[in-house]
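Report on the following structure.
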There are 2 protein chains.
Amino acid sequence: MPKSTFFNLKKEKRARIIEAAGQEFSQQPLYNASINNIIKTAKIPRGSFYQYFEDLPDLYGYYFSLILENIQEDLIDSVYKDGGDIFKAVQEYASIYLEDILAGPHHNFYKNFFLGANIAIQSKKGGHGPGFDVYHSERLNQLRVRLKEVVNWEQLKVENEDDQNALQQLIMMIFFHSFANYFVHAIDSQKHPEDVLKEIKRNLSWLEFGVRRMEEQ
Amino acid sequence: MPKSTFFNLKKEKRARIIEAAGQEFSQQPLYNASINNIIKTAKIPRGSFYQYFEDLPDLYGYYFSLILENIQEDLIDSVYKDGGDIFKAVQEYASIYLEDILAGPHHNFYKNFFLGANIAIQSKKGGHGPGFDVYHSERLNQLRVRLKEVVNWEQLKVENEDDQNALQQLIMMIFFHSFANYFVHAIDSQKHPEDVLKEIKRNLSWLEFGVRRMEEQ
DNA sequence: ATCAATTTATGACAGGTTGTCATTTACGGA
DNA sequence: TCCGTAAATGACAACCTGTCATAAATTGAT
């Protein structure tokens with residue numbers, strides 16, 4: 001979180017800094033981004049930067065939260081318009097948001113964010129593209145295939161191989177997500193180890209049986 | 001992906017490097033980790049590092065994939081033992097895995113990984129703990145609350161506020177996950193913009209209605 | 001066993017980055 | 001007008017990265 005000094009700044013200056021940050025984070029993923037570039041673009045002296053922010057991730061986090069706020073606001077509108085149906089709303093909102101992501105001014109930021117966020121890894125010169133090989137080790141591929149063979153798909157509403165892959169991914173996501181949640185909240189000890197298991201259980205069972213309440217019939 | 005040179009190394013040396021990497025990544029999140037520390041610990045000259053890896057993320061990714069392989073292998077065993085029921089298996093596996101995460105030698109690595117992976121942000125000196133304020137801006141909290149008010153929870157099997165929060169989070173996760181997927185695969189243009197929408201739709205509808213095929217009744 | 005060719009090892013170095021700090025400047029209230 | 005607090009500033013030490021020329025080792029063919 002930026003320091004109070006930053007929020008005391010005149011709007012214009014603050015905007016200039018945010019703008020510069022946006023530029024930098026669009027050109028480089030956080031990992032390669034540099035404070036130097038930002039202060040040069042924003043035309044503030046080095047010392048000032050540290051008067052406003054703890055460090056680069058601090059600014060990054062702030063910048064990201066600004067964008068996230070926009071998303072949330074729009075999503076809320078969508079939900080509201082859809083009479084509270086969050087599933088419908090998210091879907092509808094996704095089409096709008098997609099436009100924004102692909103054509104909007106934040107396109108490159110999103111790209112860097114998503115590529116980096118997922119795994120927190122980005123090599124400069126990967127095999128293909130910006131380098132991203134974590135999930136592509138040969139062994140890992142074998143294992144993915146093996147898992148697919150071992151699962152009894154008959155129990156599930158999964159029509160084709162593509163779906164199978166997606167579902168596997170989703171389950172792993174939930175698994176990791178729950179653990180991540182633990183670490184985030186364990187910091188201020190709001191969460192105990194057993195809670196992780198409960199959370200995984202709950203989230204998975206939502207996915208298994210659905211969260212929509214069905215009409216009595 | 002490490003270069004072939006690395007894989008040609010003698011087992012002992014490779015192990016030493018991996019070991020050193022593990023140490024560093026457990027003490028620092030990737031963002032603050034340094035090649036210098038690793039080569040010092042592993043006792044290899046600077047030039048060698050670049051003979052083996054592209055850069056630090058490259059090594060990080062490799063290290064992570066090793067850990068991921070273990071997870072996957074164990075999970076596969078679980079699924080197999082459970083007669084192919086992946087939901088049951090993941091749940092069961094989670095308890096075992098939890099032990100490993102909390103008490104095992106990789107505990108700190110996981111901590112850094114999860115804290116960093118989720119958002120790709122870690123400040124050194126945050127307000128509380130390792131600093132992690134992205135998701136805690138006041139405005140963002142307001143928005144979360146507002147969203148909760150706007151959603152029609154009656155439609156959903158959600159019992160309490162805790163569940164509401166968790167479900168919101170899960171939906172956003174799926175949303176972001178699908179977009180991230182697009183960027184990852186758009187690189188080698190295996191994926192087109194419309195696919196994102198399809199993926200969001202599919203994943204959300206799984207969550208909405210469940211993936212388990214119900215017995216005819 | 002010899003030698004050339006190829007692969008690997010090595011560490012000094014240039015270029016760049018970060019966080020700090022002593023000093024200066026601006027501002028708000030008495 | 002003056003003082004104390006908050007903010008601005010840029011030089012600097014410490015550190016880090018990626019490269020490259022050179023040395024050593026390994027391989028394979030004769």
Side-chain angles (χ1 to χ4, degrees), chain A residues 1-18 20-21 23-25 27-63 116 121-127 130-131, chain B residues 1-18 20-21 23-25 27-63 116 121-127 130-131:
Chain A
M1 193 66 124
K3 302 177 181 175
S4 62
T5 320
F6 175 71
F7 294 107
N8 293 337
L9 251 39
K10 269 183 276 172
K11 218 173 177 182
E12 188 277 323
K13 191 169 187 180
R14 231 168 13 184
R16 224 169 58 222
I17 294 170
I18 295 299
Q23 253 182 257
E24 177 70 0
F25 294 139
Q27 270 156 8
Q28 330 266 347
L30 173 58
Y31 185 77
N32 305 87
S34 108
I35 292 176
N36 275 351
N37 289 342
I38 294 175
I39 61 180
K40 205 176 55 194
T41 309
K43 293 198 186 96
I44 60 171
R46 178 161 206 75
S48 292
F49 183 92
Y50 288 93
Q51 206 102 38
Y52 307 148
F53 309 100
E54 216 61 74
D55 53 17
L56 202 53
D58 188 25
L59 170 55
Y60 187 89
Y62 177 66
Y63 186 81
I121 296 163
Q122 264 175 312
S123 285
K124 282 194 196 150
K125 333 159 182 166
Chain B
M1 193 66 125
K3 303 178 181 174
S4 63
T5 320
F6 175 71
F7 294 108
N8 293 338
L9 251 37
K10 269 182 277 172
K11 218 174 179 181
E12 187 277 323
K13 191 169 187 181
R14 231 170 12 186
R16 224 169 58 223
I17 294 171
I18 295 298
Q23 254 183 255
E24 177 70 359
F25 295 138
Q27 271 156 7
Q28 330 266 347
L30 173 58
Y31 184 78
N32 306 86
S34 106
I35 292 176
N36 275 351
N37 288 341
I38 294 174
I39 62 180
K40 205 177 56 192
T41 310
K43 293 200 186 94
I44 60 170
R46 178 161 204 75
S48 291
F49 182 92
Y50 289 93
Q51 207 101 40
Y52 307 148
F53 309 100
E54 215 60 72
D55 52 18
L56 202 52
D58 187 25
L59 170 54
Y60 187 89
Y62 177 67
Y63 186 81
I121 295 164
Q122 264 175 313
S123 284
K124 282 192 194 150
K125 332 159 181 167

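- Here A:Tyr52 pairs with A:Lys13 under the side chain to side chain donor-acceptor pair (under 3.5 Å) rule; sequence neighbours left out.
- Across the protein-nucleic acid pair, B:Tyr31 atom OH and C:dT17 atom P stand 12 Å apart, rounded to whole Å.
- Nucleotide D:dT19 holds its P atom 8 Å from the OH atom of B:Tyr50, rounded to whole Å.
- Of all nucleotides listed (C:dG19, C:dT17, D:dG18), D:dG18 comes nearest to the side chain of B:Asp55.
- Residues satisfying the side chain to side chain donor-acceptor pair (under 3.5 Å) criterion with A:Lys3, sequence neighbours excluded, are absent altogether.
- The CG atom of B:Asn36 sits 8 Å away from the C1' atom of D:dC15 (whole-angstrom rounding).
- Across the protein-nucleic acid pair, B:Asn32 atom CG and C:dT18 atom C1' stand 11 Å apart, rounded to whole Å.
- In plain terms, the two heavy atoms of B:Pro2 and B:Phe7 that are nearest each other are O-CE1, 3.6 Å.
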List the atom pairs, with distances to 0.1 Å, where a side-chain N or O of residues 38-48 of chain A and a protein N or O form a donor-acceptor pair under 3.5 Å, not counting sequence neighbours.
from: A:Thr41; atom 1: OG1; to: A:Asn37; atom 2: O; distance (Å): 2.8
from: A:Arg46; atom 1: NH1; to: A:Asn36; atom 2: OD1; distance (Å): 2.7

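- Partners of B:Arg14 under the salt bridge (charged side-chain N to carboxylate O under 4.0 Å, His left out) rule, at least two apart in sequence or in another chain, do not exist in this structure.
- Within the 4.0 Å cut-off from OP1 or OP2 of D:dA7, not a single side-chain nitrogen or oxygen of A:Tyr52 is found.
- Note: OH (B:Tyr60) to P (D:dT17) measures 16 Å, nearest angstrom.
- Contacts between residues 39-49 of chain B and DNA chain C, defined by a heavy-atom separation below 4.0 Å, involve B:Pro45, B:Arg46, B:Gly47, B:Ser48, listed by number.
- Across B:Phe49 and B:Leu59, no two heavy atoms sit closer than the pair CE1-CD2, 3.8 Å.
- A donor-acceptor pair under 3.5 Å is absent between the side-chain atoms of A:Glu24 and the main chain of A:Ile35, judged by distance alone.
- Annotation: proximity of residues 2-13 of chain A to DNA chain D (heavy atom, distance under 4.0 Å) is found for A:Thr5, A:Asn8, A:Leu9, A:Lys13, numbered in ascending order.
- Nearest heavy atoms, B:Glu54 versus B:Asp58: N-OD2, 2.8 Å.
- Atom C1' of nucleotide D:dT22 and atom CD of B:Gln51 are separated by 13 Å, given to the nearest angstrom.
- Between B:Ile18 and B:Phe6, some side-chain heavy-atom pair lies under the 4.5 Å cut-off.
- The distance between atom CD of A:Glu54 and atom P of C:dT18, rounded to the nearest whole Å, is 15 Å.
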